Each structure stands twice: as structure tokens, then as C-alpha cells.
Amino acid sequence: MSTPRLWITRRLSDATLERAARDYDVVINHGDLPGTAAELIAASADFDAIIPCHSEHFSADVVAQFSDRLKIVANHSVGVDHCDLPSLKARGIAVTNTPDVLSDATAELAMLLMLGAARHAVAGDRIVRTGQWDSWSPAFMVGKQVTGARLGIIGMGRVGRAFAAKARGFDMEIHYYNRSELSAEDAKGAVYHDSIESLLGVADFLSLHCPATPETTGLMNAARFAMLPRGAVVVNTARGALIDEAALLSALESGHLAAAGLDCFQVEPGGNPAFAAHDTIFMLPHIGSATRTTRDAMGFRALDNLDAFFAGKTPGDLL
Ligand code: 8YV
């Protein structure tokens, strides 16, 4: 077989691009803008493989217009909610993702968001930075202690477990909801709840680590925010679709929730402008996996999947 033609839709890490150029007939989108529907459709006629990010949307409508040339979509992401998997499967297009390698980086960011939200990072930074720090008192910027508190995790997959591991370093009491109970070896003492409602009742801190699917869209709505203990802190490094943002805002404005730490939003890029007025919301722009180490590992994992596919083997992360 001649060298497969590969389209890389975004500027991945240098090491990834070098390896891709060594092994494939590769075209890289150095402009680094998200691939449009028209570009994806055109690429399906010119390339055997695409490495996209979550910024490219393989909707049913787009996939229906694909040519037969495209054989594999090797995602540079663990989340695949941007891909209509049944449509891609029906077209005989293989789809892979990059699990495991971003779990620690994402868990680190969840920890940053949890601590920052709990301890007034937004207002504290601004007051010092803008020269408005003109007084101090014992009652000043009193936050919520993480050490020893109860942490609820929804979705105890790889990232959820990595976050639990870091939270154990803060002596947190870990509770989780997952579709199935973990083995004792994986749970490491975390308490299983067989319903989200049961988990919410004990979650002084709540962190979301489940994928966005039709079932999890709007998972945290007004009724469920109300089930959290008063003064709870909510962290989301998974997907914006999991949270009803208007309900989150109401829960913060009413004082029922103390704070939120968000790396994901319903609208990305951009986020929710209504959040900007709230110091209780510590926000980052979807950078959970954005460390040098992890970007290389994600790119290499996507290339490992491609290499296996074009060698006639089953890619390790075939979905
Ligand atoms: C990535 C992510 O930054 O992997 C995912 O699902 O959401 C992020 O960690 C992004 O998808 C890179 O393509």
C-alpha cells in the first residue's frame, strides 16, 4: 500500500507533527482554525485518515456526505461527543480516541479548579493585581476547607479515578456514582452510590468526570443542584453539556452553592458571558489536558492507533 494520506486538523505538538510527517503523507492545518463541515467533507475525498480534535464536528449530516476514501478518524481526544459514532460506523469508518494519557493532566486541573473555587482565587487575584488590597481582617476571604471534606465524583472512569487519587492527598472522603460499582482494588475505599441523588446528598465538593451523551446532557439541573449540601462547590472538567448553566447560576446567586470551578462550557470557545460577573465562578478555557507531556502523549496515542490500523491490526483504542 502507498503511504496513507493523513489530514491533521489542528496544530498538534511538534513531536507529534514530526512523527506524523515521518510516517504519513501528511497535510497539517498550520492555520489551526477548527475544520469546518465543508473542509471535513472535502478531506474525506482526499485523505485516508484524519486526526481531528474535539473542535471538528462529525455530525450525521457531515458523515452522510463523506466520500468512500476516508478509512479512519483517529481522534486527538478522549471525548468523542463531537463524532456521530453510529453514522461513522455505518460508513465503515474506524474511530479511535486517546484515553489514559490525559487523565492526570485533567485531574490536576480539576484540583486547581476545586481549590481555586473554594478559596476565592478569582477575587483574591484581582484584588491584589489591581492594587485594591487595602485591608486585611480575620473575616477576609474566608473560604471552604478541602482537607477532610466529602468529595462526590460522578463518573469513576480513568479521569475520575485519577482525581480521586489526588484528592486522597487532601484526606478527602471520597464518594462516587458510576454506571457500575468498581472493584475494591479500583475503588480504594471510595464509597459507591447507586444513584446520583444519593451521591449529591453527601457531596460538599462535586466533580464531574463522565462523558457527554444524550443521557448525561443537563445531568446537573436545578433539582439536582438543590440536592447538594448548602455551600457545596461544583467542578466540571468533563463537558459543558453536563450542566444546565442557568440552573448553576441560580444556585450560586441564591447562595445554595458556594462556588464553581469550570473548564468546560455549553458554548466553546467563548463560555457563558453571564458567568463573568460572578467571582464565585473560577473559569479556565478548556485546558484540562493542555500540558506539554500530555499533548505529546495524546498525539502519539492517536498515531499509535493509525499505525496499527494501517498495519492491518486492530487499533488499541478502537471504539
Ligand atoms: C482536549 C478533551 O484538549 O480529550 C478531550 O476529550 O476535551 C481535551 O482534553 C481536546 O479534546 C483535544 O482535542
Side-chain angles (χ1 to χ4, degrees), residues 6-17 19-20 28-36 39-40 43 49-59 72-85 88 95-113 154-155 157-163 166 207-213 216-217 219 235-243 261-271 283-306 315-319:
L6 165 64
W7 185 40
I8 298 185
T9 64
R10 308 300 303 267
R11 190 152 51 78
L12 303 184
S13 78
D14 289 348
T16 303
L17 297 182
R19 178 174 147 185
I28 296 157
N29 175 17
H30 286 289
D32 202 26
L33 289 172
T36 62
E39 286 170 332
L40 292 178
I50 301 179
I51 297 185
C53 291
H54 75 282
S55 48
E56 282 71 53
H57 297 280
F58 293 77
S59 65
I72 178 167
V73 173
N75 284 296
H76 178 273
S77 65
V78 64
V80 288
D81 46 302
H82 57 290
C83 293
D84 190 307
L85 295 178
L88 287 157
V95 181
T96 60
N97 67 343
T98 56
D100 299 318
V101 291
L102 45 66
S103 303
D104 280 321
T106 307
E108 281 179 11
L109 204 87
M111 186 54 74
L112 169 66
L113 289 169
I154 298 184
R158 300 171 186 90
V159 183
R161 294 204 295 269
F163 184 55
K166 296 183 192 335
S207 194
L208 307 181
H209 296 288
C210 54
T213 64
T216 61
T217 297
L219 176 117
V235 174
N236 186 12
T237 52
R239 284 292 183 265
L242 303 178
I243 289 184
L262 307 174
D263 185 46
C264 299
F265 304 86
Q266 281 179 13
V267 176
E268 293 185 11
M283 296 183 278
L284 293 170
H286 198 142
I287 53 169
S289 61
T291 68
R292 285 191 186 85
T293 304
T294 293
R295 285 286 181 252
D296 282 348
M298 290 172 74
F300 276 45
R301 187 101 174 199
L303 287 169
D304 289 346
N305 285 319
L306 275 193
D317 304 313
L318 185 68
L319 295 169

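None of the values given here were measured: they were computed from a predicted structure. Just follow the structure's listing: the first ligand is 1, and inside any ligand the first atom is 1.
- Close approach to L102 involves these atoms of ligand 1, each under 4.0 Å from a residue heavy atom: 4 (O), 9 (O).
- In terms of protein heavy atoms, atom 1 (C) of ligand 1 is closest to S289 OG, 3.2 Å.
- In this structure, R295 has a heavy atom closer than 4.0 Å to ligand 1.
- The protein heavy-atom contact nearest to atom 4 (O) of ligand 1 is V78 N, 2.8 Å.
- Listed by chain and number, the residues in a side chain to side chain donor-acceptor pair (under 3.5 Å) with S59 amount to none (sequence neighbours excluded).
- With respect to the salt-bridge test (charged N to carboxylate O, under 4.0 angstrom), the residues D14 and R295 do not qualify.
- Atom 7 (O) of ligand 1 has its nearest heavy-atom neighbour, among H54, R239, H76, in R239.
- The backbone N or O of T294 lies less than 3.5 Å from a partner atom in the side chain of T291, making a donor-acceptor pair.
- Residue G79 has at least one N or O atom closer than 3.5 Å to an N or O atom of ligand 1.
- Put simply, the side chain of N305 never gets that close to the backbone of P315: no donor and acceptor are under 3.5 Å apart.
- A distance-only check finds a donor-acceptor pair linking the side chain of N29 to the backbone of L33 [under 3.5 Å].
- In this structure, atom 2 (C) of ligand 1 lies nearest to the protein heavy atom H286 NE2, 3.5 Å.
- With sequence neighbours left out, H54 forms a ring-ring contact (aromatic ring centres under 6.0 Å, His included) with H286.
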